[in-house]
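Indexing begins at 1, ligand by ligand and atom by atom, following the structure's order.
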Amino acid sequence: MIVGRFGMTSVASVCVFCGSRVGNDSRYVEAARALGHGIASRGMRLVFGAGSIGLMGVVADAAAEAGGEVVGIIPEFLRRLEVGRTESDQFIVTDSMHSRKQRMFEMSDAFISLPGGLGTLDETFEIITWRQLKLHHKPIVIWDVAGYWKPLVGLVDATIQNGFSAPENRELFTMAETLDEVFSALVPTSDAAPVEDSTRL
Ligand code: AMP
């Protein structure tokens, strides 16, 4: 996180959660490419799961092609399965999924979810629930490419309607329809924890 002259902060390092497959609608790949390019062209660092397959690989390739800094973080046991993208600027190998997620969290000022499968759901919900527990106040943006995440919003709304979740939990993350909306939502929240000069590792 970068701290400006008046204590304002901006996102310098962004983590993208997304599928290890590309899905069956070309708009998913187009969005992943645009996001990777957009992150790099705004001077932000990309943190991702270090796989070269699926949307993960598309985002990372696009960011690297646009001259951006790319950090991949992968647990040892997934290196072969997810074809570790070793040409990233930093290729970090962890001993477990837990340490991978912790490292991704620590190295990122904000989180963006693209379409993906169960792993993406897990990562997205973990970071949302950590925010619910006030373990962090970092922005979380879900890019609803081609309406892919509508059922997820319906499920969150159902938890609220049925009394299992506080209405304000709907504010823990932002739904974005377009790439511009994604980047507009990457604003550090007013309830942010005390800022440091730099939290980049
Ligand atoms: P998927 O969305 O299932 O294609 O997975 C996308 C990424 O999520 C992959 O890099 C997985 O390694 C990662 N992931 C994180 N947590 C999990 C989990 N609990 N189960 C499966 N994959 C996970």
Side-chain angles (χ1 to χ4, degrees), residues 13-36 39 45-64 68-133 135-136 138-156 159 172-176 182 201:
S13 183
V14 61
C15 179
V16 174
F17 300 131
C18 60
S20 56
R21 301 178 181 214
V22 293
N24 54 15
D25 185 323
S26 61
R27 286 175 291 183
Y28 304 145
V29 168
E30 285 161 24
R33 202 174 287 129
L35 182 61
I39 288 170
R45 176 174 75 177
L46 169 70
V47 176
F48 82 118
S52 56
I53 55 174
L55 294 188
M56 274 193 289
V58 175
V59 175
D61 287 348
E69 183 185 351
V70 175
V71 178
I73 307 177
I74 197 164
E76 177 63 43
F77 81 97
L78 278 182
R79 266 179 92 159
R80 195 176 48 81
L81 274 176
E82 296 193 346
V83 197
R85 188 183 182 283
T86 50
E87 59 270 49
S88 299
D89 296 301
Q90 282 189 68
F91 181 73
I92 299 170
V93 180
T94 64
D95 59 3
S96 69
M97 288 296 273
H98 290 299
S99 48
R100 175 208 225 177
K101 289 174 177 176
Q102 183 66 27
R103 202 75 200 276
M104 290 172 95
F105 169 71
E106 289 167 357
M107 295 189 79
S108 309
D109 303 322
F111 305 88
I112 299 171
S113 291
L114 279 172
L118 299 182
T120 306
L121 271 176
D122 173 272
E123 293 170 321
T124 303
F125 261 98
E126 183 169 72
I127 211 68
I128 290 172
T129 53
W130 285 6
R131 187 163 162 173
Q132 177 184 346
L133 295 171
L135 293 174
H136 73 92
K138 300 176 183 181
I140 303 167
V141 185
I142 297 176
W143 188 2
D144 191 27
V145 181
Y148 180 78
W149 288 118
K150 291 273 184 298
L152 179 106
V153 182
L155 191 57
V156 171
T159 67
L172 293 171
F173 60 94
T174 303
M175 296 298 292
V182 169
L201 299 174

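For Thr129, there are no side-chain hydrogen bond (donor to acceptor under 3.5 Å, both in side chains) partners at least two apart in sequence or on another chain.
Contact residues of ligand 1 (protein heavy atom closer than 4.0 angstrom to a ligand atom; sorted by chain and number): Cys18, Gly19, Ser20, Met56, Leu78, Glu82, Met97, Arg100, Lys101, Gly116, Gly117, Leu118, Gly119, Thr120, Asp122, Glu123.
Contact annotation: the side chain of Val70 approaches that of Phe48 to within less than 4.5 Å [non-hydrogen atoms, C-beta and beyond].
Under the side chain to side chain contact (heavy atoms under 4.5 Å, CB included) test applied with Leu114, the options Ile142, Asp144, Val145 reduce to a single match, Val145. Only one option out of Thr94, Ile92, Asp95, Val93 pairs with Arg100 in a side chain to side chain contact (heavy atoms under 4.5 Å, CB included); it is Thr94.
The existence of a salt bridge linking Glu76 and Arg79 is confirmed by a sub-4.0 Å separation between a basic side-chain nitrogen and an acidic carboxylate oxygen.
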Checking side-chain contact (heavy atoms from CB on, under 4.5 Å) for the pair Tyr28/Cys18: CA distance, chi angles, key distance, verdict? CA-CA 10 Å; Tyr28 304 145; Cys18 60; over 6 Å; no

